[in-house]
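The figures that follow rest on heavy atoms only: side chains count, while hydrogens, waters and symmetry mates do not. Each ligand, and each atom within it, is numbered from 1 in the order the structure gives.
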Amino acid sequence: MSLASSSFSTAVTHSDFLVSAPGRVNLIGEHTDYNQGWVLPMAIKRGIQMQVRRRSDRLALVQSEKEKQAVHIDLTMPISPGPLAWGRYVEGVLAGYQNLDWKIPGFEARISSNLPAGGGLSSSAALELATATAIETLCQKSLPPIERALLCQHAEHEFANVPCGIMDQFAITFAQAGHALLLDCSSNAMTHIPFDSSSVVILVINSGVRHALADGEYAKRRAECEDAANWLKVPSLRRVTQKLWQEKGSSLPELLGRRVKHLISENERTLAFVAALRASDWKTAGHLMYASHASLALDYQVSCPELDKIVELAHVIPGVYGCRMTGGGFGGCAVALIEKNQAKQIMVELKRQYQNSSGITPALFLTDAAHGPTVTALN
Ligand code: GLA
């Protein structure tokens, strides 16, 4: 249940703590997670903060500084999905722990965030993981991290109607400072890849176009991939070898063929990018980012004119190695790999040129690879 205003701080006991959960940027490996492929995200130095106070009753009252509606939940009752609203992410996670028979005590939470909502930086997964971390802190026990991440993914499927893959929740749960996370979405095997940031830095550029995954295109891509896998008689597109592609690729309907082409090449690019990262070969890494963007724009068709414009502008700015859309697409952010000592000029130039061509003032920020959720006692 969501109420316009709620009476906070009535039955509060002293157990204040602060949960911080980062957002993520995906360096490469886009739309591969739900095809059992490879992804390479990293947590960023922006995220969600949730200040939590325990209550002596069984009510959960959750407010976000960015939203008018507060979430008001009676934890003695089963929680079920309702119409889409920001609070569904919180409710979905609470419901997940309820389904595991956890007795969640009442609490109040106030949320603040410096992640752009709809920016493709996983503000939803950050909220889910912040909620999960708060619940586990309140209950003084914890789920194995993989189960926690999967519970959050399930919450997003059931309560937000987005059939997302596992990348975002894993990227946040398992994030290590200074590292990107290579995740094999077929086996859930993870490798932390050191990101040598002595001479380069990651730049995130918000196109200012809000992306919305629940509006159907994301689910459509997923369904097309399933159709293509059935056509090729493989359990997932991860299993399409070059040999199978050479033999059967031309028999696929044109559109499905383009989707498969993206998947095969994006998996290869992701592994090649990891090798480039390990060798601090920024030029190669940058080329792979541009190639990834082209494939997402032309074959997978999940970019938009504004993201294409950012990538096109970045391409000719000195000091930029590579740039691509990041996340689900259809708006949101681009990510660029740039020379650290030219970061300031690059940001000024990109901002000015994008503003001139699109009329939108983009928000840009630099980030290193951050760590996962943390809990800080407040008293
Ligand atoms: C969204 C989803 C992820 C992933 C990306 C695309 O962020 O939540 O699971 O599919 O899109 O790579």
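Residue-to-ligand polar distances keep E156 apart from ligand 1: every N/O pair is separated by 3.5 Å or more. Considering backbone and side-chain N/O of E30, one or more are found under 3.5 Å from N/O of ligand 1. Below 3.5 Å of separation, one finds an N or O of G165 facing an N or O of ligand 1. Among the atoms of R24, some N or O lies under 3.5 angstrom from an N or O of ligand 1. Taking any N or O of D168, backbone or side chain, at least one lies under 3.5 Å from an N or O belonging to ligand 1.
Listed by number with element, the atoms of ligand 1 under 4.0 Å from a non-hydrogen atom of C164 are 2 (C), 8 (O), 9 (O). The ligand atoms of ligand 1 that sit less than 4.0 angstrom from a heavy atom of M167 are 4 (C), 5 (C), 12 (O). Close approach to D33 involves these atoms of ligand 1, each under 4.0 Å from a residue heavy atom: 3 (C), 4 (C), 9 (O), 10 (O). The contact set between ligand 1 and Y34, taken as ligand atoms under 4.0 Å from a residue heavy atom, comprises 10 (O).
Within the 4.5 Å cutoff, no side-chain heavy atoms of Y97 are placed close to those of I79. Side-chain contact between M167 and S122 is absent, with no heavy atoms from C-beta onward closer than 4.5 Å.
Proximity of M325 to ligand 1 is not established, as no heavy-atom distance is less than 4.0 Å.
For the side chain to side chain donor-acceptor pair (under 3.5 Å) criterion with Q301, the lone passing option out of R221, H262, R259 is R259.
Remark: the backbone N or O of G47 is paired with a side-chain donor or acceptor of N114 at under 3.5 angstrom.
Nearest approach of P362 to I360, heavy atoms of both residues: CD-O, 3.3 Å.
Surrounding CD of Q242 are more than 12 heavy atoms belonging to other residues, nucleotides or ligands, all under 6.0 Å away.
Ion pairing of E306 with K309 is absent here, as no side-chain N (NZ or NE/NH1/NH2) approaches a carboxylate O to less than 4.0 Å.
Evaluation of the side chain to side chain donor-acceptor pair (under 3.5 Å) rule for Q169 yields E128, E156 as partners, not counting sequence neighbours.
Nearest-heavy-atom check against atom 11 (O) of ligand 1 across G120, G328, P163, C185 picks out G328.
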